[in-house]
Structure formats: C-alpha cells, structure tokens
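No experiment lies behind these values; they were computed from the predicted model shown. Throughout, protein chains are lettered first and strands after them, A, B, ... in sequence-line order, and every chain is numbered starting at 1.
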Amino acid sequence: MIDLKVLREEAEAVRNSQRVRGEDPELVDQLLAADDLRRNAIVEFEKYRAEQNILSKAVGAAKGDEKSALLENAKELAAKVKSTDAIRAEAEVNTQKILLKISNLIDSNAPVGGEADFVVLEEIGTPRDFAAEGFEAKDHVELGKILKAIDTERGAKVSGARFYYLTGMGALLEFALVNYAISSATKAGFIPVIPPVLVKPAAMEGTGFLGQAAENVFHLEEDDFYLVGTSEVPLAAYHMDEILDESSLPLRYAGYSSCFRREAGTYGKDTRGIIRVHQFDKVEMFSFCKLEDAAAEHQRLLQWEKDFLNAMEIPFRVIDVASGDLGSSAIRKFDCEAWIPTQGTYREVTSTSNCTEFQARRLNIRYKDATGTKSVATLNGTLVAIPRMIVAILENHQNADGSVNVPLALRPFLGVDTLLPA
RNA sequence: GGUGGCGUGUCCGAGCGGCCUAAGGAGCACGCCUCGAAAGCGUGUGUGGGAGAAAUCCCACCGUGGGUUCAAAUCCCACCGCCACCGCCA
C-alpha cells in the first residue's frame, strides 16, 4: 500500500499514477475523505477513552456512596466509549479497504501506455537464420516428442489443458537449469530457499496478488490456503512483521518453487506447448533493501537475468514495460524476452519488478537505523522459469535431425553436450 | 486425531481483576571511574496511531479475534502457534 502521508501531500501525483495505469483516480479522493473521517473518529474516541481511564482509577480508590455515584457516571462513559470506538473501527476498516485498492506510485521513467507501448531497451544476440542453414525450425512440442522430453498429451489426459510431463532429458534439463541457477545465485550472495507454496491470505494480500491479479490465483476454499503463483509471495512474506537490522541489507534470497496460475482469460492463447501452463517450477530472486538503493538493485537483478540468458546463448531483448501493464505493486518492470524461432518473435521469459515500499508496508517489514524505523524496499526478478527456458533452449539450439546442442554453461550440470532423439 | 502444559518488551522471566505508568535480570547505548579495559556506579533503552508551530500530551499494543466489567496481561469463548506423551501415517 502507499503511504497515507504521501497521499495527503501529493494527491495529484497519486491520481496521475492511477490514470496512467488505467486505474481509477477517483479512489484518491475517496481515500482522502475516508482518512479525514477516520482521524476525526480517533480524536472523538480517544477523548472519551482518556476520561474513562481517569474515572476508572477514581472508582477503584473510592468507597461506599461515593463509589456508587462514580459508578453511575462511569457506566454512561463506558457506553460512550463503546459507541465511539465502533465508529472509529468502522472508519479504520473503510480507510484500509480503499487504501488497499490503490496501486503503487508509478516511476515517472516508465513508459506510459498499454501492453503494446513498451520501450525496447536493448537487443542482445542474433536470431539464427534457419533458411540459410537449410532446414525449417521445429517447434518445442515437436522437439519435445522427438527427444521424449515433453509430454503434453499425457499431461492433458491426467490433469487437463495446460499441464505436461517433463520426462527423460526434459526432466534432467530442469534439474540442470535449477542447479545452474542456484549455484550462480549462491555465488552472487543469494541465500537459496525452498519455500512453502501454500500460503495464508495475509501473505497473498501482502504481496498484492489479491487485487487485479486475484483471478489468476488458485484458492483452496476448504482450508483457506492460496497456491502461490510465484515464490515472490513466500519470499516477501518471509520477513513479515519483522524489523530487520540495517547492516543485514541488502538481503537477497533465491527461491526455488513450483508456481501455480489459473491463466484465466487466456483461452485460446498459447494453447500449444508449454509456454503458458498452470504449473511450473521457477527460481526467483528476491531482494530486501533500502528505498534509496532500490533503483540500483533493480538494475542488478536485471543484470543477473541477462547473465543467465547469455549463458544459455539465447538471443533476447530487454523491454521497459508500459504503465498500463504493470502489477499493482510495481513502480517499474523490465522483461527479458527470448527469441522464439517458430513464432518469429520475442516472448517473455524473465521479468524483474521494483516494488519499493509497497509490499513491505502491507507486510509490515521494516529496518532500523540511527534515525528510526523505516519500511524496506522489495524487488523481485526471475532467474529462470523452467518451461519457457526449455522452449527457448530447444528451439534456438536445435539441429536438422531434431537433436539439440546444450549451452556450454549447462553441460557440467547436465552431463551431455547434445540432446539426442530418443 | 487424543490428552496435558505453555505463548508477556531485544532476550530470559515475574505478575493471574484497579499503585501494571509490566517487577527482577541479561543485553545494548551514553556518562562517571581508569593509562586503557574489565568490574562497579548512574542514566536511558519498544511498536503503531492521534493532537500540536514546538516543548509536549493523549490513545492502543502482554499469540490472534470476540465477550464479561466502571476497569482485563489477569476472568470467559473461539482460533492460531509451540512443547510433551499417546494413536495413526511415512
């Protein structure tokens, strides 16, 4: 959530942020009004409460007739306290409700517009010219069959559309990617983590996934658990309700977990293959740092993502995601998009967001320095999302016979130089 | 799943209806002492919110949420978590 003080002082900036996101700027004025009511209600309640505290002490000290007289007054006052407290509580809830609807104050450097209005920051590597090489590229589904690495048919039989099995070299490829990712992250100072993937509402709410993204979250009704769509959720919530030591920042975690997404509203989109699936594994970077270091940290996360794609020898580009396409927590987001030969286009494979204090404020994560306690900033970035990385590797490194060359960096982790038709 | 015990400040730990504005200890910070340190002595030491120009004052917080009461860390109810034993499973 945003800071109420910021809202009071810079209401117009918040309205504008809502506008460029394509969200409701009216909420700002609703919130200002609710906040005003809230503060008045607090003053009213506290006035009676303070009186009651004094009177209660007098009751304790008094005896006999004097006591019964005081008790009469005290009873009236108690009723007054109760009613004003109820008004106060309602005002607090109402303010909070609106506050949670407002998205993070967008970075003025982020491009304004919708999904298509991203800015390409750089293009790295050159897509292969399969025509010049004398054969037509096969897509990952076909390659997956030839290598017996991906089985979408049985995935559909057992679990339905958007499910798949990784088998044989496909399964080993996942382990190799994860091991490479975790080992490079550990070298870079990340703490490796295997988090829970079922979380309570507070964790989901705190990371901002129950707002606009709620329709994509699996919910276990019976037990009120959510299945996380990314380990960003349990990693962010890891330090919930804690005060961190200034000297421990930046704190960097690399979480490996399964991710679950409903993919609502994507019917007919990416129905073939494993580009868009309900369940996949991912290694996610997550940083807790000081607000003033957040922009630099964001660049670092992006650099680690670029290093990974370079190590996989995949042509890709980096885009600055436009305002209308950002998550509610993010003030800015960079996506790395890998070249997918059979689609003739770049597709998102990793993504990094700067959420500043937005999540930390909801999750109550702070740090202490000489001047007091402040909210930390949180940032996240994908190191590797397995299915999409497998797609990129298979399609970009394929040979005419359906075999696939393994990127140099991955060979020590996989144990082979080439994936051969099985 | 059953039974019993327990959740108090940075930590340990007392309190079990009103002088709780939470004892005592440890830690930490500063000061005194010292050539310097340790010990000792003294002072301070949480979070959130509200009012105010400020000094400052007020309110809330003893696992969480309700309730009883003029008054709740303390009594009642529910839930969550931890520990122990038993049962079941791996």
Test ring-ring contact (aromatic ring centres under 6.0 Å, His included) on A/Phe308 and A/Tyr180; report intermediate values, then the result. CA-CA 9 Å; A/Phe308 195 97; A/Tyr180 174 71; 5.4 Å; yes
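At a non-hydrogen distance threshold of 4.0 Å, A/Ala78, A/Lys82 from residues 77-101 of chain A come into contact with RNA chain B.
Contact annotation: A/Arg49 reaches the phosphate of B/A60 (side-chain N/O to OP1 or OP2, under 4.0 Å). OP1 or OP2 of B/A71 lies within a sub-4.0 Å distance of a side-chain N or O belonging to A/Gln52. A close approach under 4.0 Å does not occur between any side-chain nitrogen or oxygen of A/Arg39 and OP1 or OP2 of B/G49. A close approach under 4.0 Å does occur between a side-chain nitrogen or oxygen of A/Arg38 and OP1 or OP2 of B/G50. The side chain of A/Asn53 places an N or O atom within less than 4.0 Å of a non-bridging phosphate oxygen (OP1 or OP2) of B/C59.
In terms of the ring pair (Phe, Tyr, Trp, His ring centres under 6.0 Å) criterion, residue partners of A/Phe190 (sequence neighbours excluded) are, by chain and number, A/Trp304.
The number of heavy-atom neighbours closer than 6.0 Å to CD of A/Glu115, taken from other residues, nucleotides and ligands shown, is 12 or below.
Candidate nucleotides B/C70, B/G49, B/A72 were compared by shortest atom distance to the side chain of A/Lys75, and B/C70 ranks first.
As rounded to the nearest Å, B/A14 and B/U8 have C1' atoms that lie 10 Å from one another. Across B/G25 and B/C79, the matching P atoms stand 40 Å from one another, rounded to whole Å.
Across the strands present, B/A23 finds no partner; the criterion is a Watson-Crick or G-U wobble pair with both atom distances under 3.5 angstrom.
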